[in-house]
Amino acid sequence: MKEEIPALKTIDRKQFQHDLISWFASEHRDLPWRENKDPYRVWVSEIMLQQTRVDTVIPYFNRFMDWFPTLDDFAEADEERVLKAWEGLGYYSRVRNLHSAVKEVKASYGGVVPDTPEEIAKLKGVGPYTAGAILSIAYGKPEPAVDGNVMRVFSRILLIREDIAKPKTRKTFEAAVRDLIDHDNTSFFNQALMELGALICTPGKPACLLCPVQEHCEAFKEGVQSELPIKIQKKKTRKVPLVAAILTNHNGEFLIHKRPSDGLLANLWEFPNFEIHTGLLAKRDFFNQELEELLGVTSELGELLVKIEHVFSHLVWNVDTFTGVISTEMDEDLMIKHQFKWVSEIDIEQYAFPVPHQKMMAAYKEKKK
């Protein structure tokens with residue numbers, strides 16, 4: 001691999017390690033998951049930080065640790081409570097996989113997170129990055145933890161011009177980390193790379209004048225740091241038009257629906273909504289047509305409450321949301337079959353909703369003021 005990355009032949013490894021780790025030791029952010037090296041805490045934080053900004057994660061992490069302070073506490077938690085703890089973070093498969101893996105650690109490893117690459121990689125949802133982060137940060141093992149930050153940092157320092165959007169490119173960066181990692185302080189080395197990417201070696205225009213490893217950076221020497229990393233953009237996301245309604249009954253209860261147990265936002269709760277696949281009917285008429293077909297009732301819909309756009313990694317929801325009332329009794333068997341239920345305004349707080357539906361409820365409450 002050294003032959004493929006010329007800069008690895010000339011970089012001063014010891015000095016690079018010293019400059020990087022010294023900077024991290026004095027300048028690192030005070031983050032709650034850095035209070036100790038408990039592998040459970042490291043694991044939870046790394047899963048939360050995937051696809052999510054640090055500032056967003058901090059209150060979620062603190063609440064999560066209040067609710068599930070130990071691995072055993074989390075392993076024994078029921079799914080509704082787990083999803084509620086994650087509500088708003090998105091990418092819910094992350095927490096489902098984490099919950100499944102933690103249960104396995106309790107059942108098969110005596111509640112101790114495995115400390116070898118072979119064993120930890122067997123856990124559900126633990127990919128190369130998460131495994132490397134836990135092993136290096138919690139256990140001091142010289143394993144690479146390569147995420148987007150690390151690829152950006154090393155693409156510049158080592159002048160690597162491979163497309164980081166391609167899965168195979170990760171191997172190049174993992175090999176580079178293995179070559180340069182400080183075996184005496186793997187925890188600080190890997191965290192320092194992540195921190196450098198988050199604070200200084202940022203996308204677009206990095207703050208090179210503040211960089212502790214500037215003198216080791218090949219891209220800076222050539223003035224091409226803003227051109228790296230190379231990342232070919234993915235295809236455009238698909239737009240999905242939806243019509244939704246917050247429906248109440250004569251008791252002031254809300255009609256909610258549980259999503260299927262697999263697929264997007266699995267097992268989360270939502271307000272009734274339907275994907276629009278015709279332009280022939282007005283949206284309220286279309287909603288009632290679909291509702292009657294599904295549950296045998298129609299609703300009295302009012303004016304538009306709110307328009308919501310929500311971007312997922314592969315699609316965009318454009319949701320027109322109404323408020324309405326169902327005055328007739330509903331068939332309980334149909335409700336059970338299709339996983340609908342009535343809940344009070346107090347009880348609804350116990351259910352986990354995806355962000356677009358949280359926004360609907362927020363708009364509803366605002367309108368009621």
Side-chain angles (χ1 to χ4, degrees), residues 51 79 83 86-96 233-249 253-343 348 351-367:
Q51 310 285 345
E79 188 185 48
L83 290 175
W86 206 266
E87 183 184 46
L89 274 176
Y91 299 94
Y92 289 88
S93 61
R94 293 182 297 173
V95 73
R96 288 192 193 88
Q233 293 300 314
K234 295 185 290 187
K235 295 177 182 177
K236 290 183 178 179
T237 53
R238 180 172 67 91
K239 292 191 175 181
V240 179
L242 297 162
V243 58
I246 295 182
L247 300 174
T248 54
N249 61 13
E253 295 171 315
F254 296 89
L255 185 64
I256 63 173
H257 168 249
K258 191 172 190 180
R259 292 181 64 88
S261 58
D262 54 10
L264 182 68
L265 305 173
N267 283 340
L268 293 186
W269 292 84
E270 63 184 1
F271 298 108
N273 66 92
F274 303 102
E275 181 175 344
I276 300 170
H277 48 73
T278 176
L280 299 178
L281 290 174
K283 289 172 182 174
R284 278 177 289 194
D285 293 335
F286 175 78
F287 179 90
N288 270 325
Q289 176 181 289
E290 295 294 306
L291 187 70
E292 185 172 22
E293 194 172 307
L294 190 66
L295 296 175
V297 295
T298 59
S299 61
E300 301 162 30
L301 293 179
E303 294 302 310
L304 181 71
L305 172 67
V306 66
K307 283 178 173 282
I308 292 170
E309 179 179 273
H310 188 77
V311 181
F312 296 93
S313 58
H314 58 296
L315 52 83
V316 178
W317 277 1
N318 292 113
V319 193
D320 285 359
T321 308
F322 298 86
T323 57
V325 176
I326 294 181
S327 304
T328 55
E329 290 296 319
M330 294 175 62
D331 186 319
E332 286 192 19
D333 290 336
L334 279 177
M335 289 182 70
I336 293 169
K337 177 183 176 183
H338 296 297
Q339 301 209 74
F340 282 82
K341 63 162 55 175
W342 290 107
V343 294
I348 202 170
Y351 295 85
F353 286 78
V355 169
H357 291 263
Q358 293 177 42
K359 290 179 178 177
M360 293 176 201
M361 192 57 171
Y364 178 84
K365 289 180 177 177
E366 184 66 28
K367 188 178 180 182

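Residues: numbered from 1 along the sequence shown.
- Other residues, nucleotides and ligands contribute more than 12 heavy atoms inside 6.0 Å of the CD atom of Glu275.
- More than 12 heavy atoms of other residues, nucleotides or ligands sit less than 6.0 Å from atom NZ of Lys367.
- Contact record, Leu247 with Pro272: CD1-CG, 4.1 Å, taken as the closest heavy-atom pair.
- When each of Arg259, Lys359, Lys258 is tested with Glu270 by the rule salt bridge (Lys or Arg N to Asp or Glu O under 4.0 Å), just one qualifies, namely Arg259.
- Going from atom CG of Asp320 over to atom NZ of Lys283 covers 3.5 Å, rounded to the nearest 0.5 Å.
- Looking at every heavy atom in both residues, Ala244 comes nearest to Asn273 through CB-CB, 3.6 Å.
- The side-chain hydrogen bond (donor to acceptor under 3.5 Å, both in side chains) with Ser299 is formed by just one residue from the set Thr328, Asn249, Asn288; it is Asn288.
- Contact detail for Tyr91 and Ser313: the closest heavy-atom pair is OH-CB, 4.1 Å.
- Shown here for Tyr351 and Glu87, the closest heavy-atom pair between the two residues is O-OE2, 3.4 Å.
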Verdict with reasoning, Tyr364 to Met361, per side chain to side chain contact (heavy atoms under 4.5 Å, CB included): CA-CA 5 Å; Tyr364 178 84; Met361 192 57 171; 4.2 Å; yes

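- Within the 4.5 Å cutoff, the side chain of His310 has no heavy atoms near those of the Val319 side chain.
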Verdict with reasoning, Leu334 to His338, per side chain to side chain contact (heavy atoms under 4.5 Å, CB included): CA-CA 6 Å; Leu334 279 177; His338 296 297; 4.2 Å; yes

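- To the nearest 0.5 Å, atom CG of residue Leu255 and atom OG1 of residue Thr248 are 10.0 Å apart.
- Taking CD1 of Ile348 as the reference point, atom CZ of Phe271 lies at 4.0 Å (rounded to 0.5 Å).
- In this structure, Val95 and Leu89 have side chains that are not in contact, with every pair of non-hydrogen atoms separated by 4.5 Å or more.
- Between Trp342 and Ile326, some side-chain heavy-atom pair lies under the 4.5 Å cut-off.
- Here the CG atom belonging to Asn267 is positioned 12.0 Å from the OH atom belonging to Tyr92, to the nearest 0.5 angstrom.
- Here the closest non-hydrogen pair linking Glu300 and Ser327 is OE2-OG, 2.9 Å.
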Side chain to side chain contact (heavy atoms under 4.5 Å, CB included) between Trp269 and Val343, intermediate numbers included: CA-CA 11 Å; Trp269 292 84; Val343 294; over 6 Å; no

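- Counting only heavy atoms from C-beta outward, the side chains of Leu264 and Trp317 approach each other to under 4.5 Å.
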Side chain to side chain contact (heavy atoms under 4.5 Å, CB included) between Glu290 and His277, worked out: CA-CA 11 Å; Glu290 295 294 306; His277 48 73; 4.0 Å; yes

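- Note that the CD1 atom of Ile246 and the CZ atom of Phe322 stand 12.5 Å from one another [nearest 0.5 Å].
- Using a 4.5 Å heavy-atom cutoff, the side chains of Arg284 and Glu303 are in contact.
- Of all heavy-atom pairs between Pro356 and Ile308, the closest is O-CD1, 3.4 Å.
- Atoms CE and CG, on Met360 and Leu305 in that order, are 9.0 Å from each other to the nearest 0.5 Å.
- With hydrogens and angles ignored, the 3.5 Å screen pairs no side-chain donor or acceptor of Asn318 with any backbone N or O of Pro241.
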